[in-house]
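My questions all concern the structure below.
Note that ligands are numbered from 1 as they come in the structure, with each ligand's atoms numbered from 1 the same way.
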Amino acid sequence: MTLKLLQPPVDPAFYPMTYPAFRHLLELQPTPKLLHEPASSPIQPVAVGAWAGPKPVGLMLAGLPLVEGEPPELLSVYVVPEARGQGLGRELAKAAERVAQTAGFPALAATWTQGASGTAWWEHQLGVLGWEEPERRTLSVFFTAEEALRVPWLDRFRVREGCEIVPFVEVTQEELAALQHSQEQSPWIAPDLLPWRYLAGGFEERTSVALRSPEGIVGWVINHRVTKEWLRFTCSYIRKDWGRRARILPLFSVSFHRMVEAGFTRATFVAPVHHPTMVRFVAKHIAPWVSVTRWTLGSCKKFAHQDQACGRTAGEEGLCQERG
Ligand SMILES: CC(C)(COP(=O)(O)OP(=O)(O)OC[C@H]1O[C@@H](n2cnc3c(N)ncnc32)[C@H](O)[C@@H]1OP(=O)(O)O)[C@@H](O)C(=O)NCCC(=O)NCCS
């Protein structure tokens, strides 16, 4: 077996060796880690190929950050079935460590989904290769249109008096400007939940909604289309003083109905652990009624003599994610 750093153009035989969401990375040019994901950071992809004679038999894909403070990330490892069980997968994981260390980073990170195929293998490697103890990163739910309509709180909570739920496309430029102004005056929205971050690249207009109050826009559920059938609930928030006593549920009720009307048959909602309210919301109001609930986990390998923390890596995509 030979392992080599890939250079563009990459042999098409390597393309099926990573997740569809990462295949654009095999152009090996600077790019957002995930296309159509506005909050996705730009990375420089790096790939190592494995050959048995002339035949490509394995691939490691990693991303080096182009944004200060982000860690490099191991994104996927794949070995063709006939070459498995000979240590090649581990060699590819080690190659990722060498790539990150040679590029001068203090650590390499990875995220993966609990229970996905490949997870048992990867969690075994963590111990062997000296990675940190895994930590929970996000709680994800995957649900069907039928499940969305089965949640017991659907349509049970009324919108507060004086407020209305409107399609997000009807939020005016003035309302957005006022929201931005109030955030500048006294920040109240977490940076990763700022609605305008999720609008620029286009959002799912039929299902995204906002809560209009006499004080302006105070809540939103902004979604993105993953495929024709699959909707992602990307960014939802309600101002704290408006959010008590389940006041975001009417927004989700409307959005769930709109999801079904728009023909989406499945959906994803991902709550990062650094937003505990959101995790509680998912655990209490969605998870009990849907078929798939999963934690994503994260870990990192710190390199010798460099003990900087290896920050969080966001998103549901990552090492050992289900192939879709
Ligand atoms: C997972 C995968 C990369 C493993 O490749 P591989 O070349 O067969 O793996 P290795 O031979 O390097 O595995 C070596 C070690 O892992 C262990 N291992 C292999 N499969 C395992 C499993 N399912 N659970 C736990 N340990 C496992 C082996 O026992 C061996 O450990 P040891 O040397 O300590 O005894 C390969 O099966 C694959 O490509 N699967 C599909 C894609 C995937 O799931 N990728 C991983 C996440 S991105």
Is there a donor in the side chain of R90 and an acceptor in the side chain of Q125, or the other way round, less than 3.5 Å apart?
yes

Could you tell me the separation between the CD1 atom of I217 and the OG1 atom of T172, rounded to the nearest 0.5 Å?
7.0 Å

Step through it carefully: locate the ring centre of F256, locate the ring centre of W153, and say whether they are under 6.0 Å apart.
yes

Could you see which bit of F22 sits under 4.0 Å from ligand 1, with heavy atoms only: side chain, backbone, both or neither?
neither

Indicate yes or no: does an N/O atom of V79 lie under 3.5 Å from an N/O atom of ligand 1?
yes

Pair F252 + F269: ring centers closer than 6.0 Å:
yes

Proximal atoms of ligand 1 relative to A120 (non-hydrogen, under 4.0 Å)
24 (N), 25 (C)

R90 versus ligand 1: do any nitrogen or oxygen atoms come within less than 3.5 Å of each other?
yes

Would you say ligand 1 has an N or O under 3.5 Å from any N or O of Y78?
no

Taking only heavy atoms of S117 into account, list the atoms of ligand 1 that are under 4.0 Å away from them.
44 (O)

Considering the heavy atoms of G87, write down every atom of ligand 1 situated less than 4.0 Å from one of them.
10 (P), 11 (O), 12 (O)

Which of the atoms of ligand 1 are close to G85, meaning less than 4.0 Å from one of its heavy atoms?
6 (P), 7 (O), 8 (O), 11 (O)

Spatial distance of atom OG1 (T268) from atom CG (L231) [nearest 0.5 Å]
8.0 Å

Whether K4 engages the ring of W51 as a cation-pi pair (distance to the six-membered ring centre under 6.0 angstrom, angle to the ring normal within 45°) should be assessed.
yes

With sequence neighbours left out, write down each residue that passes side-chain hydrogen bond (donor to acceptor under 3.5 Å, both in side chains) with Q180, or none if nothing qualifies.
none

So which bit of Q125 gets within less than 4.0 Å of ligand 1, heavy atoms only: side chain, backbone, both or neither?
side chain

For V77 and ligand 1, does the shortest N/O to N/O distance drop below 3.5 Å?
yes

Going by the atom numbers of ligand 1, which of them fall below 4.0 Å from some non-hydrogen atom of G118?
44 (O)

R150 NZ/CZ over W289 ring centroid, <6.0 Å and within 45° of normal:
no

Contacting atoms of ligand 1, where contact means under 4.0 angstrom from a heavy atom of Q86:
11 (O)

Return yes or no for this condition: an N or O of Y19 is under 3.5 Å from an N or O of ligand 1.
no

Can you tell me how far the CZ atom of F281 sits from the CD1 atom of I286, to the nearest 0.5 Å?
4.5 Å

